[in-house]
Each structure stands twice: as structure tokens, then as C-alpha cells.
Protein chains: 2
Amino acid sequence: MSDAGADKGHPAEAGDVFKALADPTRRKILDELAERDGQTLFEICSRLTMKHQLGSSRQAISQHLEVLIKADLVASRRAGRYKFHHLNTEPLERLTDRWRNREAKES
Amino acid sequence: MSDAGADKGHPAEAGDVFKALADPTRRKILDELAERDGQTLFEICSRLTMKHQLGSSRQAISQHLEVLIKADLVASRRAGRYKFHHLNTEPLERLTDRWRNREAKES
DNA sequence: TTGATAGGCAAGTAACTGCTTGCCTATCAT
DNA sequence: ATGATAGGCAAGCAGTTACTTGCCTATCAA
């Protein structure tokens with residue numbers, strides 16, 4: 001229960017998670033963090049450019065990370081001038097169960 | 001042309017599924033079909049308006065259904081002047097496993 | 001301190017998305 | 001055939017989104 005970066009005012013609705021996952025670049029960022037957790041913004045940038053030929057600028061990735069953090073899929077942690085990003089798969093757990101279990105809950 | 005709306009040229013990538021799920025109205029349509037499968041366009045329209053106060057027009061819902069069909073989340077079947085829509089949960093099965101199992105595959 | 005590195009903020013832009021509007025086709029009942 | 005019902009097609013519009021550009025702050029090494 002010592003969650004880092006999870007609650008920042010709103011409790012990260014399910015809609016935020018779906019919208020965050022809707023972008024291919026954001027999905028690649030999650031892939032990158034799944035492969036190597038705890039990367040900084042610059043690390044993610046350069047590795048994404050290397051491996052996926054994704055010419056995304058630093059600011060673009062930064063904005064994508066904001067969306068992922070708001071969706072509670074990424075938690076960030078400051079350490080000096082570095083800011084490390086960690087993947088949080090908890091919002092993915094029962095994300096699609098509402099249609100598979102035939103039980104709707106929220107929007 | 002006896003196909004049930006599943007394959008129409010492209011094989012429904014994972015990105016299409018995420019983008020389809022990103023819209024709250026489309027998620028409610030899936031909720032509606034999960035509760036009562038095989039509804040027509042007009043049925044979905046009226047029931048969505050009744051239960052969710054969703055003032056969505058017929059054309060709006062029709063376009064949402066197109067997106068869901070392209071994502072292979074909904075299959076449609078013609079019968080006379082009616083067109084019934086069926087929920088297909090198969091694309092949801094291992095949708096988020098790529099981050100939970102630490103194994104990336106496609107965009 | 002100075003310079004380099006890591007990152008943040010905000011305005012502007014181009015493309016996309018959800019929805020409307022208007023008109024059209026197809027099927028069925030009478 | 002005629003009208004009513006079920007649905008399709010396409011152009012246009014407004015709000016959103018992804019990205020860029022430019023400048024700013026903070027931390028660390030020399």
C-alpha cells in the first residue's frame with residue numbers, strides 16, 4: 001500500500017486507462033518499461049529511437065508519460081536530477097472482465 | 001459475401017482494439033451487447049438512450065459499430081432488413097498479457 | 001562559478017475523431 | 001404500388017490529440 005505516484009487527486013478511472021493504451025507510442029513505452037523497468041525520460045527516448053526507429057522528441061515522450069501516469073500505468077520517482085519511471089500493471093488486471101464476465105460497472 | 005463481419009481485408013490489429021475501447025460510448029455499446037446479445041442498430045440506440053441518458057443519434061451509434069466491427073469486437077449478421085450485432089470477446093482474451101508477462105509482440 | 005545534463009512549462013499547429021446533416025437504398029406490410 | 005421501417009453513404013463542423021518550438025528551472029561535475 002505504499003503506492004508511488006498513484007493518487008494525484010483523481011483516482012484514475014478505467015476510461016483513462018483505455019485512452020492511454022489507445023496510442024501506439026504509449027504502448028511501446030510500456031513495452032520498453034516492461035523490458036527494463038525504472039528508466040529515465042532520456043533513456044526511454046534513446047532506446048525507443050534505436051529499437052523502433054521512433055523519431056519521437058523528448059517532449060513528446062514526456063507528454064506521453066504524463067498520460068500514462070494519470071492512468072496509473074506508470075509511477076515516477078525523483079532522485080536528484082533523475083526521474084525514474086516504473087511500470088504498474090495493476091490497472092490492467094481485470095480491465096476487460098466486464099465484458100467477459102457479463103457484468104458492467106463504470107464508464 | 002457470407003462472412004459475419006469479422007474479416008474484411010485486414011486482420012484486425014491489436015491497435016484497433018485499443019482504439020475501439022478508448023471511447024466511452026463504444027464501451028457502453030459493448031456493455032449493452034454483453035447484457036443482451038444480437039441487437040439491431042435501432043435496439044441499441046433506444047436502449048442506450050433509455051438506460052444511460054445517452055442522446056446518441058442512429059448515425060453516431062452506426063459509426064461506433066463500424067469501429068467495433070473493424071476491431072473484431074462485434075460481428076454483424078444480416079437478416080432481411082434487420083442487421084443483428086453480436087459481441088465477440090475473443091480479441092480481449094490476452095490483450096494486456098504483453099505487459100503482464102513481460103513479453104512484447106506487436107504495436 | 002561555469003557549463004553540461006535532466007527535465008518542466010506553455011503556446012501554437014496540424015491531424016484526427018465524434019457527431020451532425022441530408023439524402024439515398026433495401027426490405028416488408030398493406 | 002405505396003408507405004413505413006431498418007439501415008447506408010458522404011460531406012462538413014467542432015472538439016480533441018499528438019507533436020513541435022522556444023524558453024525556463026534544477027541538479028551535478030569541473
Side-chain angles (χ1 to χ4, degrees), chain A residues 4-5 8 13 15-30 32-33 38-49 52-71 73-86 107, chain B residues 1 3-5 8 13 15-30 32-33 38-49 52-71 73-86 107:
Chain A
K8 304 166 308 304
E13 303 169 21
D16 295 334
V17 181
F18 286 116
K19 290 190 82 173
L21 294 175
D23 186 86
T25 303
R26 283 196 289 267
R27 290 196 298 273
K28 286 208 180 77
I29 292 176
L30 293 182
E32 192 46 49
L33 288 179
Q39 294 188 58
T40 68
L41 172 58
F42 274 79
E43 279 182 286
I44 298 173
C45 270
S46 57
R47 296 193 52 156
L48 238 51
T49 307
H52 303 282
Q53 238 72 355
L54 260 187
S56 302
S57 68
R58 176 183 61 89
Q59 292 84 348
I61 302 295
S62 177
Q63 285 161 6
H64 280 307
L65 283 172
E66 270 187 62
V67 177
L68 291 170
I69 288 172
K70 271 177 189 157
L73 285 165
V74 166
S76 64
R77 153 180 69 93
R78 263 275 184 192
R81 59 175 160 173
Y82 299 104
K83 190 178 179 185
F84 300 102
H85 298 86
H86 298 269
S107 65
Chain B
M1 293 73 172
D3 72 301
K8 301 165 310 306
E13 304 168 21
D16 294 333
V17 181
F18 286 115
K19 290 189 82 173
L21 293 176
D23 186 85
T25 304
R26 283 196 287 269
R27 290 196 297 274
K28 286 209 181 76
I29 292 176
L30 293 182
E32 192 46 49
L33 288 178
Q39 294 188 58
T40 68
L41 172 59
F42 275 79
E43 279 181 288
I44 298 172
C45 271
S46 56
R47 295 194 53 157
L48 238 53
T49 306
H52 303 282
Q53 240 71 356
L54 260 187
S56 302
S57 68
R58 176 183 59 88
Q59 291 83 349
I61 302 296
S62 177
Q63 285 162 7
H64 281 306
L65 282 171
E66 270 186 65
V67 177
L68 291 170
I69 288 172
K70 270 176 188 156
L73 285 166
V74 165
S76 63
R77 152 180 71 92
R78 264 277 183 186
R81 60 176 158 172
Y82 299 104
K83 190 176 179 187
F84 301 103
H85 297 86
H86 298 269
S107 64

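Chain A is the first sequence line, chain B the second, and so forth, proteins listed ahead of strands; every chain is numbered from 1. Predicted model only: the values in this text are computed from it and were never measured.
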| field | Minimum side-chain heavy-atom gap B:Ile69-B:Ser76 below 4.5 Å | value | yes

| request: Ignoring backbone atoms, test whether A:Lys19 places a side-chain nitrogen or oxygen under 4.0 Å from the OP1 or OP2 oxygen of D:dT16. | output: no

| said: Taking the nucleotide of DNA chain D with the nearest heavy atom to each, does A:Val67 or A:Tyr82 sit closer to the 5' end? | reply: A:Val67

| message | Less than 4.0 angstrom between a side-chain N/O of A:Ser62 and OP1 or OP2 of C:dG8, yes or no? | response | yes

| request: May I have the distance from A:Asp16 (atom CG) to D:dT17 (atom C1'), rounded to whole angstrom? | output: 14 Å

| message | Using the side-chain heavy atoms of A:Gln59, tell me which of these nucleotides is nearest: D:dA18, C:dC9, D:dG8. | response | C:dC9

| message | Need one value for B:Ser56: base, sugar-phosphate or nothing, where a base atom within 4.0 Å counts as base even if backbone is also close, heavy atoms only. | response | nothing

| field | Rounded distance (Å) that lies between atom P of C:dA6 and atom CZ of A:Arg77 | value | 16 Å

| field | Presence of A:Arg78 side-chain N/O under 4.0 Å of C:dG7 phosphate oxygens OP1/OP2 | value | no

| task | Using atom CG of B:Leu65 as one end and atom C1' of D:dA6 as the other, report the distance to the nearest whole Å. | result | 13 Å

| said: Rounded to whole Å, how long is the line connecting atom CZ of B:Phe42 with atom C1' of D:dA6? | reply: 5 Å

| task | May I ask you to evaluate whether A:His64 reaches the phosphate of D:dC19, defined as a side-chain N or O under 4.0 Å from OP1 or OP2? | result | yes

| message | Evaluate A:Leu41 against A:Lys83 for side chain to side chain contact (heavy atoms under 4.5 Å, CB included), listing each step before the verdict. | response | CA-CA 7 Å; A:Leu41 172 58; A:Lys83 190 178 179 185; over 6 Å; no

| For the side chain of A:Leu41, counting heavy atoms from C-beta on, which of C:dG8, C:dC19, C:dG22 is nearest? | C:dG8

| said: In the structure I gave you, are the side-chain heavy atoms of A:Asp16 and A:Leu73 within less than 4.5 Å of one another anywhere? | reply: no

| A:Lys70 has an atom NZ; how far is it from atom P of D:dT17, in whole Å? | 10 Å

| request: Kindly say whether, by distance alone, the side chain of B:Arg58 makes a donor-acceptor pair under 3.5 Å with the base of D:dG8? | output: yes

| What integer distance in Å separates B:Ile61:CD1 from D:dA6:P? | 16 Å

| B:Ser57 side-chain N/O to C:dC19 phosphate OP1/OP2 under 4.0 Å | no

| Spacing between B:Arg81 atom CZ and C:dC28 atom C1', to the nearest angstrom | 4 Å

| message | Rounded to whole Å, how long is the line connecting atom CG of B:Leu48 with atom P of C:dC19? | response | 11 Å

| task | Would you mind telling me which residue lines up with the more 5' stretch of DNA chain C, A:Phe84 or B:Ala22, judged by nearest nucleotide? | result | A:Phe84

| said: As a test of understanding, state which of A:Arg27, A:His85, A:Gln63, A:Arg26 forms a side chain to side chain contact (heavy atoms under 4.5 Å, CB included) with A:Leu68. | reply: A:Arg26

| Presence of B:Lys83 side-chain N/O under 4.0 Å of D:dG8 phosphate oxygens OP1/OP2 | yes

| query | Can you find a heavy atom in the side chain of B:Leu30 that is under 4.5 Å from one in the side chain of B:Val74? | reply | yes

| message | Under 3.5 Å, is there any donor-acceptor pair linking the side chain of A:Gln63 to the base of D:dT17? | response | no

